[in-house]
Amino acid sequence: IINPTRSFFTQMLQTYLNRFLWWTTLVLLQVFFFNHIHLLGYATPFIYLYIVVKMSSDTNRNALMLWAFLLGLLVDAFADTPGMNAAAAVFLAFIRPTLLRLFLPRDSNDTFTPSIHSMGLSSYVKYLSLSVLFHHALLFTIAFFSLASPLELLLRIVSSALLSVVCMLAIEGLQQRKSNP
């Protein structure tokens, strides 16, 4: 006899364990490796956002904002940036449902995890790019706390967003390859 409750519990436990492992891996990579990359003195990739971007489409907005806050706070604790990553990550979590609706077909009501496979390459890249751009715009505006040199601010936002998107697409490609041998 198959126990459906145990199957559901096992599946849920596996989902949360998988999420925790991704969370830990990306935060450690961000803190110990990616925070030290400053390409041409401007571009720094923020790959920890991949967790927020990849959450299931049926994730409650409040739960998503809580996950994003904890994630950003953890990165802030190691990067000595008091609340900047947390604020920008929560902002991304808040606008994420709207961004998803922008790039999905109108008749789509299915629950899915945003990916190239589920959204298509063009829609996913647009969704990812806009998400990262909004996050970086807020993060760097808070970090600069001045609009005295708007060109430098814009250069940091765009270059970091571009580098972050490329890194996240590489992670996405590795995940696709792993799931389709």
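Heavy-atom basis, side chains included; hydrogens, waters and symmetry copies ignored. None of the values given here were measured: they were computed from a predicted structure. Each residue takes its place number in the sequence, starting with 1.
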Which residues satisfy the side chain to side chain contact (heavy atoms under 4.5 Å, CB included) test with Asp80, sequence neighbours excluded?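 Listed in chain order: nothing, the list is empty.
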List the residues meeting side chain to side chain contact (heavy atoms under 4.5 Å, CB included) with Ser149, not counting sequence neighbours, and say none if there are none.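 Testing Ser149 for side chain to side chain contact (heavy atoms under 4.5 Å, CB included), a comparison that skips the adjacent residues, returns Phe144, Glu152.
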Any salt bridge (charged side-chain N to carboxylate O under 4.0 Å, His left out) pairs touching [range], not counting sequence neighbours?
| range | answer |
| --- | --- |
| residues 43-55 | Lys54-Glu172 |
| residues 20-44 | none |
| residues 22-33 | none |

Heavy-atom pair of closest approach, residues [X] and [Y]:
| X | Y | result |
| --- | --- | --- |
| Val52 | Ala68 | CG2-CB, 4.0 Å |
| Pro97 | Phe94 | CD-O, 3.5 Å |
| Ala137 | Ile157 | CA-CD1, 3.7 Å |

Under 4.5 Å side-chain linkage, directly or through intermediates, the cluster mates of Leu155: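 Leu155 clusters with Tyr42.
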Before you tell me yes or no, could you show the steps for Leu29 and Thr25 under side-chain contact (heavy atoms from CB on, under 4.5 Å), namely the whole-Å CA-CA distance, both residues' side-chain angles and the distance that decides it to 0.1 Å? CA-CA 6 Å; Leu29 280 172; Thr25 302; 4.1 Å; yes
Backbone of [Y] reached by a side-chain donor or acceptor of [X] within 3.5 Å:
| X | Y | value |
| --- | --- | --- |
| His38 | Asn35 | yes |
| Tyr50 | Leu169 | no |
| Thr44 | Ile37 | yes |
| Arg156 | Ala43 | no |

So do Phe34 and Cys167 actually touch side chain to side chain, heavy atoms under 4.5 Å?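 They are in contact (side-chain heavy atoms under 4.5 Å apart), so the answer is yes.
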Quick one: are Leu100 and Pro114 in side-chain contact, heavy atoms under 4.5 Å?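 With C-beta onward as the side chain, the pair touches.
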Looking at [atom1] of [X] and [atom2] of [Y], how far apart are the two atoms once the value is rounded to the nearest 0.5 Å?
| X | Y | atom1 | atom2 | answer |
| --- | --- | --- | --- | --- |
| Met168 | Tyr124 | CE | OH | 8.0 Å |
| Phe46 | Gln30 | CZ | CD | 6.0 Å |
| Leu40 | Ser159 | CG | OG | 8.0 Å |
| Leu138 | Leu133 | CG | CG | 11.5 Å |
| Leu121 | Lys126 | CG | NZ | 10.0 Å |
| Thr98 | Arg101 | OG1 | CZ | 4.5 Å |

Which label fits His136 and Phe140: parallel for a plane angle under 30°, tilted from 30 to 60°, or perpendicular past 60°?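 Perpendicular, since the angle between the ring planes exceeds 60°.
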Give a yes or no on whether [X] and [Y] share a hydrophobic cluster (residues Ile, Leu, Val, Met, Phe, Trp, Tyr; joining criterion: side-chain heavy atoms under 4.5 Å apart).
| X | Y | result |
| --- | --- | --- |
| Val166 | Met119 | no |
| Leu139 | Leu153 | yes |
| Phe112 | Leu102 | yes |
| Val165 | Leu162 | no |
| Leu73 | Phe78 | yes |

Between Leu21, Ile47, Leu71, which is the residue that forms a side-chain contact (heavy atoms from CB on, under 4.5 Å) with Leu26?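 Looking at Leu21, Ile47, Leu71, the match for Leu26 under the side-chain contact (heavy atoms from CB on, under 4.5 Å) is Ile47.
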What pairs meet the ring pair (Phe, Tyr, Trp, His ring centres under 6.0 Å) rule with one or both residues in residues 54-74, with sequence neighbours excluded?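 The answer is Trp23-Trp67.
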So, using side chain to side chain donor-acceptor pair (under 3.5 Å) as the criterion, who are the partners of [X] when residues are at least two apart?
| X | answer |
| --- | --- |
| Ser56 | Asp58 |
| Ser115 | Ser118 |
| Asn60 | none |
| Ser131 | none |

Side-chain atoms of residues 84-93: list all donor-acceptor pairs with protein atoms under 3.5 Å, sequence neighbours left out, distances to 0.1 Å.
unit_1: Asn85; atom_1: OD1; unit_2: Tyr48; atom_2: OH; d: 2.8
unit_1: Asn85; atom_1: ND2; unit_2: Asp76; atom_2: OD1; d: 2.9
unit_1: Asn85; atom_1: ND2; unit_2: Thr81; atom_2: OG1; d: 3.1

Does the side-chain contact (heavy atoms from CB on, under 4.5 Å) test come out yes or no for Arg96 and Met55, once each step is laid out? CA-CA 10 Å; Arg96 182 181 170 265; Met55 291 281 235; 4.0 Å; yes
Given side-chain contact (heavy atoms from CB on, under 4.5 Å), test Phe134 with Leu99 step by step and report yes or no. CA-CA 10 Å; Phe134 277 124; Leu99 294 175; 3.9 Å; yes
Kindly determine whether Leu28 and Phe33 satisfy side-chain contact (heavy atoms from CB on, under 4.5 Å), including the steps that lead there. CA-CA 8 Å; Leu28 289 174; Phe33 181 68; over 6 Å; no
